[in-house]
Amino acid sequence: MSNEEIPSWSKQDVIDALSKEKYGHSFAKQVAHHLKSLNKKLMYTHRDFCGLGLLYDNNKQQFKFCYVYDGYEDNYASNNNENGIISFNKEDEFIEFLENQCDYSLSGADSKSVFYEKDIWTRNNQRIDKKRLERMIGGNADECF
């Protein structure tokens with residue numbers, strides 16, 4: 001694939017600029033509390049591919065990262081797994097996982113991450129990152145409902 005064919009969000013200089021600083025325990029705990037106590041979902045709700053979503057499912061009592069299409073969780077894209085890409089039934093396990101993540105690991109560009117994307121089009125395309133999580137915690141995320 002030539003450099004002109006690579007989407008702007010997936011170009012190497014953009015990927016290289018993503019933060020590799022881990023989110024840390026305190027921040028991860030704030031995210032968990034916000035998702036769980038307010039029963040929130042962080043996902044875009046437009047047509048077609050909406051990237052990566054993060055939610056707390058009250059029915060399953062589960063934190064979940066999932067693909068989002070047309071504003072809804074897409075289990076098919078998550079390998080037909082109704083539990084998404086990765087899920088956690090225990091809050092402390094979710095916090096431990098999230099505290100060790102960073103923008104780079106969630107972008108899909110990190111081959112060592114559960115979020116790794118072989119398809120370059122989905123790398124760093126509408127992903128969860130620290131800025132979106134901070135907006136959610138602050139109540140300023142349009143994509144949070």
Side-chain angles (χ1 to χ4, degrees), residues 1-36 38-46 48-57 60-138 140-145:
M1 180 176 285
S2 73
N3 201 33
E4 291 92 34
E5 295 170 337
I6 298 173
S8 60
W9 58 83
S10 292
K11 291 194 176 187
Q12 196 59 50
D13 60 326
V14 174
I15 298 295
D16 289 345
L18 293 172
S19 174
K20 293 182 175 83
E21 181 180 338
K22 292 180 180 180
Y23 294 151
H25 185 80
S26 176
F27 184 72
K29 193 171 180 178
Q30 288 179 49
V31 170
H33 173 75
H34 192 83
L35 287 169
K36 189 173 180 179
L38 299 177
N39 190 30
K40 291 288 187 180
K41 297 179 180 182
L42 182 61
M43 56 180 66
Y44 291 117
T45 57
H46 56 75
D48 300 322
F49 181 71
C50 301
L52 190 63
L54 174 60
L55 60 101
Y56 180 77
D57 184 330
K60 293 182 180 180
Q61 296 189 347
Q62 179 182 77
F63 293 91
K64 176 172 30 176
F65 287 92
C66 59
Y67 290 107
V68 181
Y69 282 86
D70 293 330
Y72 297 96
E73 296 173 54
D74 185 21
N75 296 330
Y76 175 74
S78 300
N79 297 318
N80 280 331
N81 184 352
E82 67 181 31
N83 295 320
I85 299 167
I86 189 168
S87 60
F88 303 89
N89 293 324
K90 296 181 179 178
E91 185 172 351
D92 59 335
E93 291 175 356
F94 171 72
I95 291 169
E96 183 179 349
F97 175 81
L98 187 60
E99 73 185 34
N100 289 299
Q101 300 306 305
C102 62
D103 290 353
Y104 178 69
S105 65
L106 294 178
S107 75
D110 182 356
S111 63
K112 297 177 188 111
S113 172
V114 67
F115 300 106
Y116 177 68
E117 300 286 353
K118 291 180 184 175
D119 180 0
I120 199 162
W121 188 83
T122 56
R123 288 184 198 163
N124 202 35
N125 185 352
Q126 303 175 84
R127 306 299 282 208
I128 302 294
D129 61 19
K130 191 166 188 179
K131 285 182 184 177
R132 283 182 72 191
L133 293 169
E134 288 172 337
R135 286 196 314 264
M136 179 189 72
I137 291 168
N140 298 320
D142 293 337
E143 69 272 17
C144 188
F145 58 95

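We count residues from 1, following the sequence as given. Note that this is a predicted model, so its numbers are computed, not measured.
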Notebook entry, point to check: Once you round to the nearest 0.5 Å, how far does CE of Met43 lie from SG of Cys66?
Noted result: 4.5 Å

Margin query: Using 0.5 Å steps for rounding, measure from the CZ atom of Arg132 to the CZ atom of Arg135.
Written below: 7.0 Å

Check: Side chains of Leu42 and Val31: closer than 4.5 Å at any heavy-atom pair?
Finding: no

Check: Would you say the side-chain atoms of Gln101 pair up with the backbone N or O of Leu106, donor to acceptor, closer than 3.5 Å?
Finding: no

Notebook entry, point to check: Rounded to the nearest 0.5 Å, how far does CD1 of Ile85 lie from OH of Tyr116?
Noted result: 14.5 Å

Notebook entry, point to check: Looking at side-chain heavy atoms only, is the closest gap between Leu133 and Tyr23 below 4.5 Å?
Noted result: yes

Checklist line | Pair listing, salt bridge (Lys or Arg N to Asp or Glu O under 4.0 Å) test, anchored in residues 13-26, at least two apart | finding: none

Next item on the list: Supply the atom-to-atom distance Ile95 CD1 to Phe63 CZ, rounded to the nearest 0.5 angstrom.
Entry: 6.5 Å

Check: To the nearest 0.5 Å, what is the distance between NE2 (His25) and CG (Leu98)?
Finding: 11.0 Å

Item checked: side chain to side chain donor-acceptor pair (under 3.5 Å) involving Asn89 - partner list, sequence neighbours excluded -> Gln62

Next item on the list: Measure the OG-CG distance between Ser113 and Asn100 for me, rounded to the nearest 0.5 Å.
Entry: 11.5 Å

Check: Just wondering, do His33 and Gln30 contact through their side chains at under 4.5 Å, heavy atoms?
Finding: no

Checklist line | side-chain contact (heavy atoms from CB on, under 4.5 Å) partners for Asp57, two or more places apart | finding: Leu55, Asn59, Lys60, Lys64

Checklist line | Under 3.5 Å donor-acceptor, Trp9 side chain and Thr122 backbone | finding: no

Notebook entry, point to check: How are the rings of Phe88 and Phe97 set relative to one another: parallel (under 30°), tilted (30 to 60°) or perpendicular (over 60°)?
Noted result: tilted

Note to self: Within a 6.0 Å radius of atom CD on Glu134, are there more than 12 heavy atoms belonging to other residues, nucleotides or ligands?
What the structure shows: yes

Next item on the list: State, to 0.1 Å, how close Ile15 and Ser10 come at their nearest heavy-atom pair, and which atoms those are.
Entry: CG1-O, 3.7 Å

Check: Do any pairs count as a salt bridge (Lys or Arg N to Asp or Glu O under 4.0 Å) and have a residue in residues 117-129, sequence neighbours left out, and if so which ones?
Finding: Glu117-Arg127

Next item on the list: List in chain and number order the residues that pass salt bridge (Lys or Arg N to Asp or Glu O under 4.0 Å) with Lys29, two or more places apart in sequence or in another chain; answer none if no residue qualifies.
Entry: none

Check: Any idea which heavy atoms bring Leu18 and Ser107 closest together, and the distance?
Finding: CD1-CB, 3.4 Å

Note to self: Would you say that Trp121 contacts Phe49 through its side chain, given a criterion of any heavy-atom pair below 4.5 Å between the two side chains?
What the structure shows: yes

Next item on the list: Take the angle between the ring planes of Phe65 and Phe115 and call it parallel below 30°, perpendicular above 60°, tilted in between.
Entry: perpendicular

Item checked: Pairs satisfying salt bridge (Lys or Arg N to Asp or Glu O under 4.0 Å), at least one member in residues 89-114, at least two apart -> Lys36-Glu91

